[in-house]
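In the text below, chain A, chain B and the rest are named by the order of the sequence lines, each starting its count at 1. The model shown is predicted, which means the values in this text are computed figures rather than measured ones.
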Number of protein chains: 2
Amino acid sequence: MPTNRKPRITIDHVARATGVSRQTVSRAINNKSEIDPDTRQRILEAARTMGYRPSRFARGLVRQDLITIGLVIADVLNPFFPEVTAGVLEAAERRGWQVVVYNTGSEYRKELEVVDMLTDQVDAGVAFLLHHDAIVKAATSNMPFVLLDKGGRAPAVAGVRIDFEGGTRQGLEYLVSKGHRRIAMLDDESSRVAQAPNTRRELYLKVMGEHGLPVNSDWIQPAHNSIDGGAAALERLLAVHRDVTAVFAYNDVIAIGAQLRARHLGLRVPEDLAFLGFDGLSIGELVEPPLTTLHIDKRRLGELAVEQAALLLNGAEADEVPEAVIEPQLAIRASV
Amino acid sequence: MPTNRKPRITIDHVARATGVSRQTVSRAINNKSEIDPDTRQRILEAARTMGYRPSRFARGLVRQDLITIGLVIADVLNPFFPEVTAGVLEAAERRGWQVVVYNTGSEYRKELEVVDMLTDQVDAGVAFLLHHDAIVKAATSNMPFVLLDKGGRAPAVAGVRIDFEGGTRQGLEYLVSKGHRRIAMLDDESSRVAQAPNTRRELYLKVMGEHGLPVNSDWIQPAHNSIDGGAAALERLLAVHRDVTAVFAYNDVIAIGAQLRARHLGLRVPEDLAFLGFDGLSIGELVEPPLTTLHIDKRRLGELAVEQAALLLNGAEADEVPEAVIEPQLAIRASV
DNA sequence: TTGAAAGCGCTAACAC
DNA sequence: GTGTTAGCGCTTTCAA
């Protein structure tokens, strides 16, 4: 590929071409007041025809208020993340910040790479990180870092905590109140590696135990985090426990895949088998019956994370940042 | 809010602290070879404990290979865009580029603002722009700019063209082949302002005319680009044309909203009313019956746009960049 | 293997 | 209203 990059046109070129100093050009470009309107006009026109564009690097070096944050998500295609992203973009825009987006696919190597990269490229990171090592790296990176799902981690990292325990409790109690006793779980297979405390799976076991309901590990099926993954996991589950009456899924995506498959198998939802999701995705309203779920305000999650990043950028230490918590709310639709 | 920003730690501080020149620090940080391993180790450690992070601005000023592109989309929450974004992120990552994301909500003022902003902040723009003025501004901005939906515009702007004509033709012919003659359209209300040639609406009228099918403007209902918008538009449509047998929608989101509403109204799909979408979103597979649609390879769209941006960054003029076209493919599911 | 000098493109501060 | 000077933090020469 013959690269044919044009040499950069600088403020000096424009200054020379218009016979003024580069300071005056700078004034024109930046809409400063101390400049003759005619001069400004002349300079602006010359700049435009010459193809001048200010260098963000030179500018950033001089001004100290150009802030860019890095948003690290696991998967743009999972509808959970666009909603978080919307919140982050909006909150960042209000502050005049730029947002660079990175996708990790929850891969171990990729998460580490991205954290490294961020350190060089942005002023603060807002990240959804699965792997413990990546979280440690982020926490010790000398850079303001906010976790989008802090889980039960120590206050050494800033982040938003989603109250999965409250959510799980609320959800399972609702299932129990509807008369279900044989409740299975479809877990996210990749969350096994997370090494984080209080995973949804442990909470499920705990809460089930509290209600004296039968569970052991074969009530839990790992599922790939996708529609198809949920569908496949449901089949595996039914092969082991045909008598299950309700399924509690790791998230809505898995729940939807499972519910769809259940209906294809001829089961009635919720009469034969009930489904409870987690996340409150809007696509849960499109399926039949609409998915009952524990709704998380994902937009707010993004906004809170940006607020924490702002505190860190202002000099706060991670352990001084007040904890932000998102409480899942039971959204009763029709699948339970 | 008491801002308490720490003064920046520079390479000079690290140099002084370790008793070497800043050159040597630079070598250590950048993993250059001409440096004593022990010295490197010592420096790296000092840098870490001092909290040193290189300034991207200072670096960017010196090196010329740090590229950032701006991705401008209409709405992160519309599932069309995450797929495009995935393609853009992947292609950009392969090239080592950063991607800054902006959301316009298709608002006129916002689009103009974002184009202005981009000019200062990134090296090239990849954008989904609705409004003519914003497109003109982008095209004349002195900056490499690629449109994600070039439509039938002149070659003065680079961009990917989605062959809506081919798609519309394919779709309508399929409806006709299924025996439909009274086919209505649910148009996107905001595309009215676009002033672009070859809109889906005009294509609908044209192709319907070619088949000698009855149409006039009341067969077209404008819909807000959302599930609820599609639902509302369907009701309006049925109020005017109870005898319609098929609905061709501007896109899948509108089609899904309409189909959902039709079923709530007690209509059978496709027996009483058939639905044809456009875009090929994966959420179309979740509804019942799964939505027949004209599938667009959105990921590829994003990749092609990045490729064009690369050509422009290498010095090509917009009108030299070879045209890239995406052909919609009829995806027959079950709603027709 | 290390250091010194130069300069990337811009704006802030101050002079005129 | 405009120009001059200095310097932001770094990497790239080049010299030692």
If the threshold is 4.0 Å, N to carboxylate O, is there a salt bridge linking [X] and [Y]?
X: B/Arg299; Y: B/Glu90; value: yes
X: B/Glu303; Y: B/Lys298; value: no
X: A/Glu307; Y: A/Arg94; value: no
X: A/Asp149; Y: A/Arg161; value: no
X: A/Glu45; Y: A/Arg48; value: no

How close or far is atom [atom2] of [N] from atom [atom1] of [X], stated in whole angstroms?
X: A/Gln41; N: D/dG1; atom1: CD; atom2: C1'; result: 16 Å
X: B/Asp123; N: C/dG9; atom1: CG; atom2: P; result: 13 Å
X: B/Leu66; N: C/dC8; atom1: CG; atom2: C1'; result: 13 Å
X: A/Leu61; N: D/dC10; atom1: CG; atom2: P; result: 9 Å
X: A/Arg22; N: D/dT4; atom1: CZ; atom2: P; result: 10 Å
X: B/Gln64; N: C/dC8; atom1: CD; atom2: P; result: 10 Å
X: B/Arg16; N: C/dA4; atom1: CZ; atom2: C1'; result: 15 Å
X: B/Phe57; N: C/dT11; atom1: CZ; atom2: P; result: 13 Å

| 4.5 Å side-chain heavy-atom contact, B/Val122 and B/Tyr102 | yes
Is there, by distance only and without an angle test, a donor paired with an acceptor across the side chain of A/Glu34 and the base of D/dT2 below 3.5 Å? no
Look at the side chain of A/Arg27 against the base of D/dG3 and say whether a donor-acceptor pair falls under 3.5 Å; ignore hydrogens and angles. yes
I want to verify a distance call: between [options], whose nearest atom is closest to the [X] side chain?
X: A/Thr10; options: D/dT11, C/dG9, C/dA13; result: C/dG9
X: A/Asp36; options: C/dA6, D/dC8, D/dT2; result: D/dT2
X: B/Asn30; options: D/dC8, C/dC10, D/dT11; result: D/dT11
X: B/Val62; options: D/dT12, C/dG3, C/dT11; result: D/dT12
X: B/Arg59; options: D/dT11, D/dG1, D/dG3; result: D/dT11
X: B/Arg8; options: C/dA12, C/dG9, D/dG9; result: D/dG9
X: B/Ile11; options: D/dT11, C/dC10, D/dT2; result: D/dT11

Do any side-chain nitrogens or oxygens of [X] fall under 4.0 Å of OP1 or OP2 in [N]?
X: A/Thr24; N: D/dG1; answer: no
X: A/Ser26; N: C/dT11; answer: yes
X: B/Thr39; N: C/dT1; answer: no
X: A/Lys32; N: D/dT2; answer: no
X: A/Ser55; N: C/dG9; answer: no

- request: Find which nucleotide of DNA chain C each of B/Gln23 and A/Asp12 is nearest to by heavy atoms, and output the residue with the more 5' nucleotide.
  value: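 This one resolves to B/Gln23.
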